[in-house]
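These notes concern the structure reproduced below.
Model, not experiment: these values are computed from the prediction. Values reported hereafter were calculated over all heavy atoms of this structure, with side chains retained and with hydrogens, waters and symmetry mates removed.
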Amino acid sequence: MATSVGNNFMPPTLISNLQQVLIARKNDAVECQPHKVHKPTEADASKTETDCAKPVVLVTNGEGVESPGLTFLVEALVRDGRFDVHVCAPQTDRSVSGHSVTIRETLSACSVELSGATAYEVSGSPADCVSLALSGALFSWSKPVLVISGVNKGSSCGNNMFYSGAVAGAREAMICGVPSLCISLNWKKEVSCESNLKDAVIVCLPLIHAAIRDIEKGTFPKSFLLNIEIPSCPLTNKGFKVTRQSLWRSSLSWQAVSANRHPSAGHFMSNQQSLGIKLAQLSRDASAAGAARRLNSHRKNVEIESIGAVGKCNSQQTAKKYFRLEFEEKEQEHVDEDLDYRALEDGFVAITPMSLNPADWLEVQSLVSNWLAVALADEQ
């Protein structure tokens, strides 16, 4: 017997309402199911409290995040266990970048593994690294108790400090109101080795400990940085000496370079510059691009090694020259004993206070001398 279902159809509106009710009940059932929630253990709470209790130290340098001096210093600070160590250092060697900062370009900050510290490498200068780290945009803390730039390979005495990216990192911290130290080893070519950098860390650790202790007590001298220069043989130093900045600097030697002998000489253009030029070329209209090609087809590049070799160029030639700058060591005689360069060469650890106001030098020197005497006595 056939059953007709023609008259048993439900109204479409009722079906729609029933479907919505069923969907709502299903969602409620899912939401009511118990979720596995990670409950913080006593160990987690203890670790968090311990990390929060530790003073935060920010480490940077001029030679890049992979430099041995930075690695040895970070390893020692992490191993000490008293500090929450953060690192924000240049991706590449920027040791003579001075106090340059990067604007109108995007910088990258990539996390790196570095001896258990919270570490980032940044595609900028040391001043960029410190400025970014202290801004709060990269790290969650408001600011560290101390910024350390080092351990850097090569002296930053005298007027060399104006070229030094390492000093600039510490100076940027000072400008931002954070106490800072710049630590450098008086590296000698064909004499110094990596173990000297490790010894330099051993020498400067008592100063770091004393500085952090007195910063927390409010007795550390304010409004300047300490530029710490460690002699070539760190473990045989004659002691710590507060010094004045000298006028000494390395000799600057410009050498002409041939592109034929050094093929890489023609590749100094940065990726950003190269990309910008390519985009500019693409944006030209066809007539301008055609005109540029016609002009370049009649011009000749003349690669030369010095001004004397080129003579006069006619309008159809472009003179392209390559040069390389090298720093050379230079001895300086008859220098006062209380200047940084002389104290360093005599085997002392030279500690030079640097202030934003040079007029305060006598007061600053007195403050640092008094602090150093008390601090080192307490460490012993």
For this session: Would you please test Leu372 and Ile351 for side chain to side chain contact (heavy atoms under 4.5 Å, CB included) and show each step?
Result: CA-CA 10 Å; Leu372 187 63; Ile351 302 177; 3.8 Å; yes
For this session: Might you work through the salt bridge (charged side-chain N to carboxylate O under 4.0 Å, His left out) test for Arg94 and Glu121, ending with a clear yes or no?
Result: CA-CA 12 Å; Arg94 302 295 297 273; Glu121 61 178 19; over 6 Å; no
Exercise. Could you walk me through whether Ile148 and Leu146 pass the side chain to side chain contact (heavy atoms under 4.5 Å, CB included) check?
Worked result: CA-CA 7 Å; Ile148 307 173; Leu146 180 68; 3.8 Å; yes
For this session: Apply the test side chain to side chain contact (heavy atoms under 4.5 Å, CB included) to residues Asn227 and Val167: give CA-CA distance (whole Å), side-chain angles for both, the deciding distance (0.1 Å), then the verdict.
Result: CA-CA 7 Å; Asn227 187 34; Val167 173; 4.0 Å; yes
For this session: Start with the C-alpha distance between Leu132 and Val122, add both sets of side-chain angles, then the distance that settles side chain to side chain contact (heavy atoms under 4.5 Å, CB included), and finish with yes or no.
Result: CA-CA 9 Å; Leu132 173 62; Val122 176; 4.1 Å; yes
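Atom CG of Leu107 is separated from atom OG1 of Thr102 by 5.0 Å, given to the nearest 0.5 angstrom. Atom CG of Asp199 and atom OG of Ser232 lie 12.0 Å apart (nearest 0.5 Å). Gln91 CD to Ser108 OG: the interatomic distance, rounded to the nearest 0.5 Å, is 5.0 Å. Rounded to the nearest 0.5 Å, atoms OG (Ser95) and NZ (Lys153) are 9.0 Å apart. From Thr352, atom OG1 reaches atom CZ of Phe224 across 12.0 Å, with rounding to the nearest 0.5 Å. From Leu73, atom CG reaches atom SG of Cys204 across 6.0 Å, with rounding to the nearest 0.5 Å.
Between Glu345 and Lys188, at least one side-chain N (NZ, or NE/NH1/NH2) sits under 4.0 Å from a carboxylate O, which counts as a salt bridge.
Applying the side chain to side chain donor-acceptor pair (under 3.5 Å) test to pairs two or more places apart or on separate chains, none has a residue in residues 130-139. For residues 95-127, the ring pair (Phe, Tyr, Trp, His ring centres under 6.0 Å) pairs, not counting sequence neighbours, are Tyr120-Phe139. Among residue pairs with one or both ends in residues 364-375, those qualifying as side chain to side chain donor-acceptor pair (under 3.5 Å) are Asp214-Trp371; sequence neighbours excluded.
No path of Ile, Leu, Val, Met, Phe, Trp and Tyr side chains, each step under 4.5 Å between heavy atoms, connects Leu207 with Leu344, placing them in separate hydrophobic clusters. Both Ile175 and Val145 belong to a single network of hydrophobic side chains, linked directly or stepwise wherever heavy atoms of I, L, V, M, F, W or Y lie under 4.5 Å apart. Residues Leu235 and Phe72 share a single hydrophobic cluster, defined by chaining ILVMFWY side chains whose heavy atoms lie under 4.5 Å apart. Hydrophobic clustering (ILVMFWY, side-chain heavy atoms < 4.5 Å, transitive): Phe162 and Leu226 are in one cluster. Residues Val57 and Val203 are members of one and the same hydrophobic cluster, defined by side-chain heavy-atom contacts under 4.5 angstrom among Ile, Leu, Val, Met, Phe, Trp and Tyr.
When only modelled atom types and interatomic distance are considered, Glu194 and Asn196 share no side-chain donor-acceptor pair under 3.5 Å. Donor-acceptor pairing under 3.5 Å is recorded for the side chains of Asn61 and Ser67. Side-chain atoms of Ser149 and Thr60 form no donor-acceptor pair, as typed in the model, at a separation below 3.5 Å. Neither side chain, Asn186 nor Ser155, offers a donor N or O lying under 3.5 Å from an acceptor on the other.
At least one side-chain heavy atom of Val242 sits less than 4.5 Å from a side-chain heavy atom of Pro353. Looking at Pro90 and Val65, their side chains never come closer than 4.5 Å, going by heavy atoms from C-beta outward. Contact annotation: the side chain of Val349 never approaches that of Glu229 to less than 4.5 Å [non-hydrogen atoms, C-beta and beyond]. Between Phe220 and Ile212, every side-chain heavy-atom pair lies at or beyond the 4.5 Å cut-off. Side-chain atoms of Lys222 and Pro179, non-hydrogen and from C-beta on, never get closer than 4.5 Å to each other. Within the 4.5 Å cutoff, the side chain of Val151 has no heavy atoms near those of the Leu70 side chain. Annotation: side chain of Asp80 is in contact with side chain of His209 (closest heavy-atom distance under 4.5 Å).
Remark: the backbone N or O of Ile183 is paired with a side-chain donor or acceptor of Asn152 at under 3.5 angstrom. Between the Ser180 side chain and the Ala170 main chain, a donor and an acceptor come within less than 3.5 Å of each other. Side-chain N or O atoms of Ser125 include one that pairs as donor or acceptor with a backbone N or O of Ser100 at under 3.5 Å. Judged purely by atom type and a 3.5 angstrom limit, Lys238 uses its side chain to pair as donor or acceptor with the backbone of Asp346.
Between Leu181 and the options Leu225, Ile208, Val147, a side chain to side chain contact (heavy atoms under 4.5 Å, CB included) holds for only Ile208. The residue from Lys241, Gln245, Met161, Arg244 that alone fulfils the side chain to side chain contact (heavy atoms under 4.5 Å, CB included) condition with Asp340 is Gln245.
Between Leu138 and Cys88 the shortest heavy-atom distance is CD2-SG, 3.8 Å. Here the closest non-hydrogen pair linking Arg213 and Ala375 is NH2-CA, 3.6 Å. In this structure, Leu185 and Pro231 approach most closely via the heavy-atom pair CD1-O, 3.2 Å. For the pair Glu216 and Pro55, the tightest heavy-atom approach, listed with the atom from each and the gap, is OE2-CB, 3.5 Å. The minimum heavy-atom distance between Gly169 and Val130, with the atom names listed, is O-CG2, 3.4 Å.
Under the salt bridge (Lys or Arg N to Asp or Glu O under 4.0 Å) criterion, Asp93 pairs with no residue at all, not counting sequence neighbours. The side chain to side chain contact (heavy atoms under 4.5 Å, CB included) check on Arg104 picks up nothing, with sequence neighbours excluded. For Ser195, there are no side-chain hydrogen bond (donor to acceptor under 3.5 Å, both in side chains) partners at least two apart in sequence or on another chain.
By the 6.0 Å contact criterion, CD on Glu66 is open, its count of non-hydrogen atoms from other residues, nucleotides or ligands being 12 or less.
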